[in-house]
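Quick note on labels: first sequence line is chain A, next is B, and so on, each numbered from 1.
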There are 2 protein chains.
Amino acid sequence: MEQNFQNILQQNQLKVTATRLSVLELIASRNAATSQPYLEKNINKEIDRVTLYRTLRTFEEKGILHKVIDLNGTANYAMCSDNCTAGHHHDEHFHFNCTQCHQLYCMNDFHFPPFQMPAGFKSQSINLLISGTCAQCNKMDN
Amino acid sequence: MEQNFQNILQQNQLKVTATRLSVLELIASRNAATSQPYLEKNINKEIDRVTLYRTLRTFEEKGILHKVIDLNGTANYAMCSDNCTAGHHHDEHFHFNCTQCHQLYCMNDFHFPPFQMPAGFKSQSINLLISGTCAQCNKMDN
DNA sequence: TTAAGTGCAAAATCTTTGCAAATGT
DNA sequence: ACATTTGCAAAGATTTTGCACTTAA
């Protein structure tokens with residue numbers, strides 16, 4: 001995982017601003033995808049809601065973050081792996097949505113087995129969302 | 001697929017109303033999951049938007065319809081297979097979202113291969129959304 | 001008859017747009 | 001200096017809530 005946020009921004013022709021660094025920092029610090037509401041509450045800086053929307057959209061367009069829709073239809077964002085580039089994200093996104101703590105984990109190590117598409121259908125990207133209870137929550141309710 | 005909508009309603013302790021029958025009819029007539037906006041536009045009856053929201057929620061709670069979130073985070077509804085009952089839906093939902101016509105197809109015949117969850121994580125339901133171009137759209141842009 | 005369902009009005013969210021002020025390069 | 005980014009105000013869209021009227025059983 002690339003941790004030099006300044007570089008990430010510069011490589012994408014984006015100006016380095018405190019807002020953008022804060023957003024990247026917070027998202028990268030979590031092992032789960034992060035929703036707009038969570039960011040809005042937990043960011044260590046006063047950021048206008050509109051700016052946050054725009055920042056996230058920009059990052060997604062540039063391929064810095066990828067967007068995952070969770071079970072409630074809410075957009076969550078996570079750092080893209082390095083092979084994501086602007087306009088062309090990694091094709092397979094696997095996530096785990098905990099029904100108790102609502103954390104959305106990225107399962108990058110998961111590999112999807114080959115399968116056959118129905119005739120005439122062309123697959124561009126695969127989005128797998130498994131829901132259940134995460135290791136943390138299972139530990140707590142012994 | 002059960003087509004006697006009256007029976008479906010009665011079996012779920014719901015009153016048989018014209019609104020509910022229209023909603024079920026339209027959703028069942030499509031081979032794709034249907035969004036609230038689509039229903040609102042295409043239903044053959046004046047239905048208040050609020051009533052539509054409530055109807056869909058009721059159907060989902062009773063296990064008559066299941067909800068699928070598409071790539072845009074919009075809720076879409078499709079008839080549940082018979083093994084769905086109130087509060088306990090079928091565990092695996094596989095759908096195909098066409099990026100051109102935005103139709104959301106149910107892939108009931110698709111079977112998910114067995115796999116290993118990371119330690120401590122318990123899977124309750126699996127949601128697979130494949131996006132790409134559907135047979136119809138592929139045919140049209142030769 | 002009466003509990004459930006519906007429609008209307010209004011509120012609460014969520015997301016986008018336009019524009020002027022501020023900021024990074 | 002200048003294009004980009006941000007904040008504010010406001011508009012638009014989506015979804016929910018409360019309450020009185022209507023309707024199926």
Watson-Crick or G-U stems involving DNA chain C, each at least 3 pairs long, distances under 3.5 Å, ordered by first number: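 Paired runs of 3+ in DNA chain C: C:1-25 with D:1-25.
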
Atom-pair distance ([atom1] on [X]; [atom2] on [N]), nearest Å:
X	N	atom1	atom2	value
A:Lys15	C:dA22	NZ	P	16 Å
B:Lys67	D:dT14	NZ	P	16 Å
A:Asn12	C:dT25	CG	P	14 Å
B:Gln11	D:dA25	CD	P	14 Å
A:Leu21	D:dT5	CG	C1'	13 Å
A:Arg20	C:dT23	CZ	P	15 Å
B:Gln13	C:dG5	CD	P	10 Å
A:Asn72	C:dT15	CG	P	12 Å

CD on A:Glu61 to CG on A:Asn12, rounded to 0.5 Å: 11.5 Å

Rounded distance [0.5 Å steps], OG1 in B:Thr34 versus CG in B:Leu104: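 Going from the OG1 atom of B:Thr34 to the CG atom of B:Leu104 covers 8.5 Å.
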
Atom of A:Cys134, atom of A:Cys98 and distance for their closest heavy-atom approach: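 Shortest heavy-atom separation between A:Cys134 and A:Cys98 comes out as N-SG, 3.4 Å.
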
Minimum heavy-atom distance A:Gly132-A:Phe96, with the two atoms named: C-CZ, 3.6 Å

Sugar-phosphate only, base, or nothing, as touched by B:Thr19 at under 4.0 Å among non-hydrogen atoms: sugar-phosphate

Lys/Arg cation over aromatic A:Tyr38: A:Arg30, 6.0 Å, 45° cone: yes

Residue closer to the 5' end of DNA chain D, B:Thr74 versus B:Gln10 (nearest nucleotide): B:Thr74

B:Thr17 or B:Arg57, whichever maps to the more 5' nucleotide of DNA chain D: B:Arg57

B:Leu9 and B:Leu21, any side-chain heavy atoms less than 4.5 Å apart: yes

B:Thr99 side chain to B:Ser131 side chain, donor-acceptor N/O pair below 3.5 angstrom: no

Proximity to DNA chain D (any heavy atom under 4.0 Å), residues of residues 41-55 of chain B only: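 Of all residues in residues 41-55 of chain B, the ones placing a heavy atom under 4.0 Å from DNA chain D are B:Arg49, B:Val50, B:Tyr53, B:Arg54.
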
Residues forming a salt bridge (charged side-chain N to carboxylate O under 4.0 Å, His left out) with A:Arg54, sequence neighbours excluded: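 None.
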
